[in-house]
Amino acid sequence: KLAALIRPVDIFARAGYFDVSVQRVVSASHIKLVARALEAHRAQFGVYPARLDELVTSGLLRRRDLAFPWQHAYAYHRLASGYELLEPLY
């Protein structure tokens, strides 16, 4: 299954980083996971999803992947020529 190819081993099973610098390092790595899922969705369905939740319903990510390691979801906006994906703005 395509989801198994993009989901790495969950070495960050324990959430709750308190140091923001650690969160940023983990987030930079984790945002690549979300980006790979976005590309997989586009390859499978021909378009990027309208919302990140669609990556969960299609089985490409788990719900917790949409906010890890933050408490708020990543900022996502589908564009005509791609997408914008950022760590939470607050």
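This chain uses plain numbering: 1 for the first residue, then up along the sequence. Quick caveat: nothing in here was measured; it's all calculated off a predicted structure. Hydrogens, waters and symmetry mates play no part in the numbers below; they use all other heavy atoms, side chains included.
- Not counting sequence neighbours, R51 has no partner by the side-chain hydrogen bond (donor to acceptor under 3.5 Å, both in side chains) test.
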Inset, instruction - Might you work through the side-chain contact (heavy atoms from CB on, under 4.5 Å) test for D65 and H30, ending with a clear yes or no? - result: CA-CA 8 Å; D65 291 331; H30 196 75; 3.6 Å; yes
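- A heavy-atom distance below 4.5 Å is not found between the side chains of L52 and L61.
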Sequence neighbours left out, cut at 3.5 Å: what donor-acceptor pairs do the side chains of residues 73-81 make with other protein atoms?
residue, atom, partner, partner atom, Å
Y74, OH, F68, O, 2.5
Y76, OH, P49, O, 2.5
R78, NH1, Y48, O, 2.8

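- In terms of heavy-atom proximity, R63 sits nearest to D53 at NH1-OD1, 3.2 Å.
- Of all the heavy atoms in H41 and L55, the pair that sits closest is CB-CD2, 3.7 Å.
- For E39, the salt bridge (Lys or Arg N to Asp or Glu O under 4.0 Å) partners two or more places apart in sequence, or in a different chain, are R42.
- Shown here for L38 and L85, the closest heavy-atom pair between the two residues is CD1-CD2, 4.0 Å.
- With values rounded to the nearest 0.5 angstrom, E54 atom CD is found 6.0 Å from T57 atom OG1.
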